[in-house]
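Residue numbering restarts at 1 for every chain, and letters A, B, ... go by the order of the sequence lines.
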Number of protein chains: 2
Amino acid sequence: MRSGQEDRTAAARIRDAAITEFANNGVAGTSIRAIAAAAGVSPGLVIHHFGSKDELRVACDEFVAGIIREVKGGAMASGGAFDVTAAFRTVGEIPAAKYLARTLVDGSPHVTELVDEIVADAMKYVATGVETGMIKPSNHEWERAAILSIWSLGALVLHEHLKRLIGVDITADLSQDPKSATAYMAPALEIYSEGVFTETTVQLMREAFVDSTTTDNLKKEAT
Amino acid sequence: MRSGQEDRTAAARIRDAAITEFANNGVAGTSIRAIAAAAGVSPGLVIHHFGSKDELRVACDEFVAGIIREVKGGAMASGGAFDVTAAFRTVGEIPAAKYLARTLVDGSPHVTELVDEIVADAMKYVATGVETGMIKPSNHEWERAAILSIWSLGALVLHEHLKRLIGVDITADLSQDPKSATAYMAPALEIYSEGVFTETTVQLMREAFVDSTTTDNLKKEAT
DNA sequence: CGTTGTACTGAACGCTCGTTTAGCATATTG
DNA sequence: CAATATGCTAAACGAGCGTTCAGTACAACG
């Protein structure tokens, strides 16, 4: 039932059409009739297979989450991805990234769970990187992993603005032409290597916004 | 018609109610009847004042954009904000941040325009910072400003996940208790000061994802 | 063969949507 | 004072919604 095998049954066509429609217009903005039309079936059949619009949405959530998990696992194994989203930009004909972007905002138990997994993976990736000396240690490992993940996912959600601003579509398939996202990757890597602010500036901001009574500001003591 | 003066006319109540409903449930997920009920008026009056649901949405877009512009201007003037979103987290009783988060994903001409302004402001802020030595120079000033803005806005859009992950609600009013966002600010400032990856790691990633034939990678001795 | 079950359609149901309309108060104006 | 405009409601409209249902085509199985 996953993504391999014979994936052209009517139920699969409905599910794929629903994912595309949901991704483009949101759940509330998509009618069952529109999904049925896109899948080339009658509205009744949608209900027949999935029970209700809400159950269809859940099925889509699970399916997309499943797809992303697969690809994500592969990317983690190969170990080359500092940006999770780079891995699942396009999967087959299904706009998984766009769907995820919508669902991240609308909220859904399955996708929330997926986000937690992504952060956990990032945490694992960062921990390994710190051990092997590829990543600088932090005083707030967990929070840093969460923030880096959120920034990546946030950029994914705002992909249309990013496209408009710097001409890079991060929902597009990167594996074809890895250099196509240069305008995004180059400055991002710059920030990720050297930072942005000078030390004096950061010190000022820390004083303004950071509560130093928590385990903080004590300077690199690797807990 | 802006935000001061006598702001309790029925039209203003409808507009504020609409902003709140749109922010919480999205435009497609909000009915005119729900807005009318929240504002304590009849559905007909909503149309009477705004013409149609779509025109009401435009009015909300413009109003929220106007509010954010005001606050943003003040924050830029005071010069202390590296994170634009910090400025407009809550304005009066209107959930401007949440509304913006929704509209950023749904897409709207007025908010798109606002994003461009935010990036332009960030560009200006960064340029000044580079001159005064508070911010490290970049090979891609414009793209960096865009990406930093998108990351901030993206975190705003995903505020619910951020809240769940690290317990910080970045749509909440920060001016009351500037230290309340420590769990977000501390690691963010860490990244913004020292970066994340060590130089060798970045070099590998640059080779993989960055097209060095563009004005890039040429002058990397400012380490 | 007949029976049974599954995939599927087309029409219809009840409901909610955005919007329209008629009408009623309360100001404003001449 | 009558006349007119404004703010507003209640009721209703047609369209479209999610969903139901009766019925048809067809494959599997005895």
Could you identify which residues of residues 27-36 of chain B place a heavy atom less than 4.0 Å from some atom of DNA chain C, listed by residue number, or say none?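 Heavy-atom cutoff 4.0 Å gives B/Thr30, B/Ser31, B/Ile32, B/Arg33.
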Distance-only donor-acceptor check, side chains A/Ser52 and A/Asp54, under 3.5 Å: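 Per modelled atom types, A/Ser52 and A/Asp54 side chains form no pair under 3.5 Å.
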To check you understand the geometry: which heavy-atom pair defines the closest contact between B/Lys179 and A/Ala208, and what is its length?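 Taking B/Lys179 first and A/Ala208 second, the nearest heavy atoms are CE-O, 3.3 Å.
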Mind checking side chain to side chain donor-acceptor pair (under 3.5 Å) for A/Thr20 and listing every partner two or more places apart, or none if nothing turns up?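 Side chain to side chain donor-acceptor pair (under 3.5 Å) list for A/Thr20, sorted by chain: empty.
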Answer yes or no: is there a donor N or O on one side and an acceptor on the other, between the side chain of [X] and the main chain of [Y], under 3.5 Å?
X: B/Thr128; Y: B/Lys124; value: yes
X: B/Lys163; Y: B/Ile170; value: no
X: B/Thr30; Y: B/Glu21; value: yes

For B/Glu117, give me all partners under salt bridge (charged side-chain N to carboxylate O under 4.0 Å, His left out), at least two apart in sequence or on another chain.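 Counting only residues at least two positions away or on another chain, B/Glu117 forms a salt bridge (charged side-chain N to carboxylate O under 4.0 Å, His left out) with B/Arg69.
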Going by the rule salt bridge (charged side-chain N to carboxylate O under 4.0 Å, His left out), which residues pair with B/Glu141 if we only count those two or more places apart in sequence or in a different chain?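 With neighbours one apart ignored, the set is B/Arg144.
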Bounds of contact between DNA chain C and chain B, in 5' to 3' order, using a heavy-atom cut-off under 4.0 Å: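 The contacted stretch runs from C/dC17 to C/dT20.
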For nucleotides 6-10 of chain D, which of its nitrogen or oxygen atoms have a protein nitrogen or oxygen under 3.5 Å away, and what is each distance?
unit_1: D/dC8; atom_1: OP2; unit_2: B/His49; atom_2: NE2; d: 3.1
unit_1: D/dT9; atom_1: OP2; unit_2: B/Ser42; atom_2: N; d: 2.9
unit_1: D/dT9; atom_1: OP2; unit_2: B/Ser42; atom_2: OG; d: 2.9

Could you tell me whether the side chain of B/Leu148 reaches within less than 4.5 Å of the side chain of A/Ile191, counting heavy atoms only?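 Sidechains of B/Leu148 and A/Ile191: in contact.
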Would a 4.5 Å heavy-atom cut-off, applied to side chains only, mark A/Val41 and A/His49 as touching?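 Heavy-atom side-chain distance check fails, nothing below 4.5 Å.
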